[in-house]
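Below is one structure; the comments refer to it alone.
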Amino acid sequence: MSASSFRDCQAWRSEGLPLSTSSNEACKLYDAILTQYVTWRNDETLGGLEGCISAIKEADPDFVMGHVISTGLELIGTGTSIRLNERLASAVRRTVELANSQDLTPRERLHVQAIELFSSGNFPKACEVWDDILLDHPTDFLALKFAHDSYFYMGAQIPMRNSVARVLPYWKPHFPLFSYLKGIYSFGLMETRFYDQAYKTAIEGLTLTPEDAWSVHSVAHVHEMRAEIDKGLQFMKSTEKNWQNSDMLASHNYWHWALYFIEKGQYEAAVELYNNQVFRRCKASGSMLDTVDACSLLWRLEMEGVCVKDRWRELLQVTLPHTDDHVTIFNDLHFLMVSLGAKETEASQRLLEGLKELSKDPGDNQQHQVANTVGVDMCQAMVEYNRGNFSLAVELLQPVRYRMVEIGGSDAQRDIFNQLLIHAALKSEKTYHHKLGRCLLVERDSVRPNSPLTDRLMQRALALHI
């Protein structure tokens with residue numbers, strides 16, 4: 001990938017996506033940033049995302065879409081927010097001020113509006129604006145991808161799928177990044193349980209671009225949801241060389257690989273992947289996706305009875321600085337796993353109290369609204385489970401089990417909370433909870449038959465002599 005191959009001012013204009021700058025260099029850098037975002041890969045020959053973001057500000061300091069994409073990417077990374085980060089808040093204000101002082105296209109003005117809405121936590125309204133852009137400009141990949149990620153954070157599975165389905169007919173195979181649409185659409189299909197179609201679409205993407213790590217990830221999900229463990233293991237192994245350089249997603253694909261090992265009860269192999277790939281990459285990148293994956297793996301291993309030793313303390317160094325973030329409920333729940341696992345009571349209480357406080361008066365912040373209805377109870381349930389108050393954990397989790405989707409993430413990621421409810425039910429002193437646990441396992445078996453993990457838990461349930 002060389003800078004010369006990216007689109008200049010004229011190329012963007014001819015695609016009906018004009019950018020308000022006279023700098024060809026700025027236009028090419030915008031394309032380079034977009035390409036790295038879509039392909040989940042920092043291209044070191046270009047200086048990676050950070051290098052390109054620095055360069056675009058030098059090429060044209062007043063280029064509004066340059067500010068939109070760089071500030072938008074920091075916001076969408078969910079590792080910080082304008083509530084606690086004055087530098088980021090200032091960057092959002094600067095973007096809005098620049099937009100107000102320039103003669104922009106209506107599309108660019110909508111982009112600025114969406115970023116401002118997202119920055120204040122109003123994810124649903126931001127998505128409406130991105131979808132508005134796509135009505136007139138269905139090939140605007142930045143609007144598509146920002147909307148896709150934000151729907152994902154809200155657990156809005158059908159809108160996530162449909163926002164891609166609507167634009168597909170307008171894309172032609174020769175358009176830049178065309179093949180990557182396949183993986184994004186496939187993921188939406190998979191999250192809405194169209195597994196056959198999701199698999200087929202992801203394979204189409206991989207046929208066009210074998211190194212498309214997101215299409216690989218979508219196939220990994222299909223195998224996970226169907227409990228096709230051996231197929232999943234074989235697929236990850238046979239494609240590893242293609243996706244391991246997609247540094248922004250490689251750790252997540254290794255996480256999927258480790259889930260298959262946990263399913264099979266091959267815990268040492270899962271721990272090895274945690275040590276060599278997931279934690280190593282999480283420590284290096286600090287990205288929220290890498291971090292929540294590390295948290296989730298340790299908690300899953302512990303639920304399976306594996307001693308993870310000092311790994312909680314090591315991971316705590318990564319999560320502790322984010323205790324007060326409260327950007328997404330999903331992140332909060334995972335940071336809480338670590339402070340509980342590391343027996344860092346003060347951090348656990350601080351996280352829970354901070355979330356409760358924000359949930360009392362959430363305003364337009366969609367995640368703080370969800371904290372009020374679902375998130376705080378889920379956090380409290382984890383605290384109670386950790387204290388050995390299993391029946392109380394069940395009583396907190398059971399009423400919200402059908403609303404857990406609202407915390408965002410994928411079905412595979414949220415499954416940790418389904419497992420938590422089952423473990424709590426089986427460990428509770430109440431016979432009623434034992435029956436509930438068994439029913440939940442029967443339910444689980446009906447949608448993903450032949451899961452070794454379900455079978456192991458069912459053996460435990462049967463041993464309770466209900």
Side-chain angles (χ1 to χ4, degrees), residues 30 33-34 36-38 49 53 56 63-100 104 106-135 137 140-157 159-160 162-164 167 184 188 248 287-289 292 322 324-332 355 358-359 361-372 375 406-409:
Y30 174 83
I33 295 166
L34 178 63
Q36 290 171 93
Y37 175 35
V38 170
L49 273 176
I53 285 168
I56 202 168
F63 176 31
V64 170
M65 288 305 291
H67 287 271
V68 163
I69 196 168
S70 55
T71 304
L73 282 173
E74 188 169 2
L75 289 163
I76 217 101
T78 72
T80 184
S81 70
I82 62 169
R83 191 175 63 85
L84 297 176
N85 185 335
E86 180 45 41
R87 179 192 52 76
L88 183 59
S90 166
V92 174
R93 286 195 299 271
R94 170 88 177 126
T95 307
V96 174
E97 284 162 13
L98 280 171
N100 290 337
L104 300 179
R107 178 181 73 93
E108 290 170 312
R109 290 205 182 283
L110 287 172
H111 265 294
V112 173
Q113 192 187 334
I115 287 300
E116 195 178 11
L117 285 163
F118 185 93
S119 75
S120 65
N122 197 336
F123 296 180
K125 274 274 189 286
C127 285
E128 281 178 27
V129 176
W130 283 314
D131 280 338
D132 275 354
I133 292 172
L134 292 165
L135 279 177
H137 303 278
D140 185 332
F141 216 140
L142 188 66
L144 184 72
K145 188 88 165 68
F146 276 163
H148 186 80
D149 288 354
S150 303
Y151 281 132
F152 175 73
Y153 294 149
M154 294 189 285
Q157 295 164 311
M160 182 172 70
N162 290 354
S163 68
V164 187
V167 303
I184 294 170
M248 294 183 231
S287 94
M288 288 300 98
L289 178 59
V292 297
H322 295 284
D324 300 320
D325 282 9
H326 308 301
V327 181
T328 70
I329 298 296
F330 187 82
N331 291 357
D332 278 2
L355 190 61
L358 289 167
S359 74
D361 184 18
D364 290 334
N365 189 303
Q366 182 265 345
Q367 292 290 307
H368 298 165
Q369 292 166 6
V370 174
N372 189 19
E406 294 171 31
I407 68 165

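The one candidate from Thr71, Leu88, Leu75 that meets the side chain to side chain contact (heavy atoms under 4.5 Å, CB included) condition with Ser119 is Leu75.
The minimum heavy-atom distance linking Phe330 with Ile407 is given by the pair CB-O, 3.3 Å. Nearest heavy atoms, Cys127 versus Ala147: SG-O, 3.9 Å. His67 and Thr95 get closest at one heavy-atom pair: CB-OG1, 3.5 Å. Closest approach of Ile329 to Ala371, counting heavy atoms only: CD1-CB, 3.3 Å. Between Asp325 and Gly79, the closest heavy-atom pair is OD2-O, 3.3 Å. Here the closest non-hydrogen pair linking Leu144 and Ser163 is CD1-O, 3.6 Å.
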Legend entry - Verdict with reasoning, Phe146 to Tyr37, per ring-ring contact (aromatic ring centres under 6.0 Å, His included): CA-CA 10 Å; Phe146 276 163; Tyr37 175 35; 5.6 Å; yes
Legend entry - Verdict with reasoning, Met248 to Leu49, per side chain to side chain contact (heavy atoms under 4.5 Å, CB included): CA-CA 11 Å; Met248 294 183 231; Leu49 273 176; 3.6 Å; yes
Inset, instruction - Go through the steps for Thr328 and Met288 under the test side chain to side chain contact (heavy atoms under 4.5 Å, CB included), then give the verdict. - result: CA-CA 10 Å; Thr328 70; Met288 288 300 98; over 6 Å; no
Legend entry - Derivation of the side chain to side chain contact (heavy atoms under 4.5 Å, CB included) call for Leu117 and Val129: CA-CA 9 Å; Leu117 285 163; Val129 176; 3.8 Å; yes
Legend entry - side chain to side chain contact (heavy atoms under 4.5 Å, CB included) between Leu358 and Arg83, worked out: CA-CA 11 Å; Leu358 289 167; Arg83 191 175 63 85; 3.8 Å; yes
Inset, instruction - Apply salt bridge (charged side-chain N to carboxylate O under 4.0 Å, His left out) to Asp364 and Lys125, showing your working. - result: CA-CA 9 Å; Asp364 290 334; Lys125 274 274 189 286; over 6 Å; no
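Between Phe118 and Tyr153, the ring-plane angle classifies as tilted under the 30° and 60° cut-offs.
Remark: Ile33 CD1 to Leu73 CG distance equals 7.5 Å, nearest 0.5 Å. Taking CD of Gln366 as the reference point, atom CZ of Phe123 lies at 6.5 Å (rounded to 0.5 Å). Taking CG of Asp324 as the reference point, atom NE2 of His326 lies at 5.5 Å (rounded to 0.5 Å). Distance CG/Asn122 to CD/Glu128: 8.5 Å, rounded to 0.5 Å. From Asn365, atom CG reaches atom CG of Asn372 across 11.5 Å, with rounding to the nearest 0.5 Å. To the nearest 0.5 angstrom, Leu142 atom CG is 4.5 Å from Ile69 atom CD1.
Side-chain N or O atoms of Ser90 include none that pairs as donor or acceptor with a backbone N or O of Glu86 at under 3.5 Å. Within the 3.5 Å criterion, the main-chain N or O of Val327 finds no donor-acceptor partner in the side chain of His322. Formation of a donor-acceptor pair under 3.5 Å by the Gln369 side chain with backbone atoms of Gly363 is found in this model. Listed for the Arg107 side chain is no donor-acceptor partner under 3.5 Å among the backbone atoms of Ile133.
His111 places none of its side-chain heavy atoms less than 4.5 Å from the side chain of Leu104.
Among residues two or more places apart in sequence or in another chain, the side-chain hydrogen bond (donor to acceptor under 3.5 Å, both in side chains) test is passed with Thr80 by Asn85. Taking the ring-ring contact (aromatic ring centres under 6.0 Å, His included) definition, one finds that Tyr151 meets it with nothing, sequence neighbours left out.
Under the salt bridge (Lys or Arg N to Asp or Glu O under 4.0 Å) criterion, the residue pairs touching residues 64-75 are Glu74-Arg87, with sequence neighbours excluded.
The environment of Glu406 atom CD is dense: over 12 non-hydrogen atoms of other residues, nucleotides or ligands sit within 6.0 angstrom.
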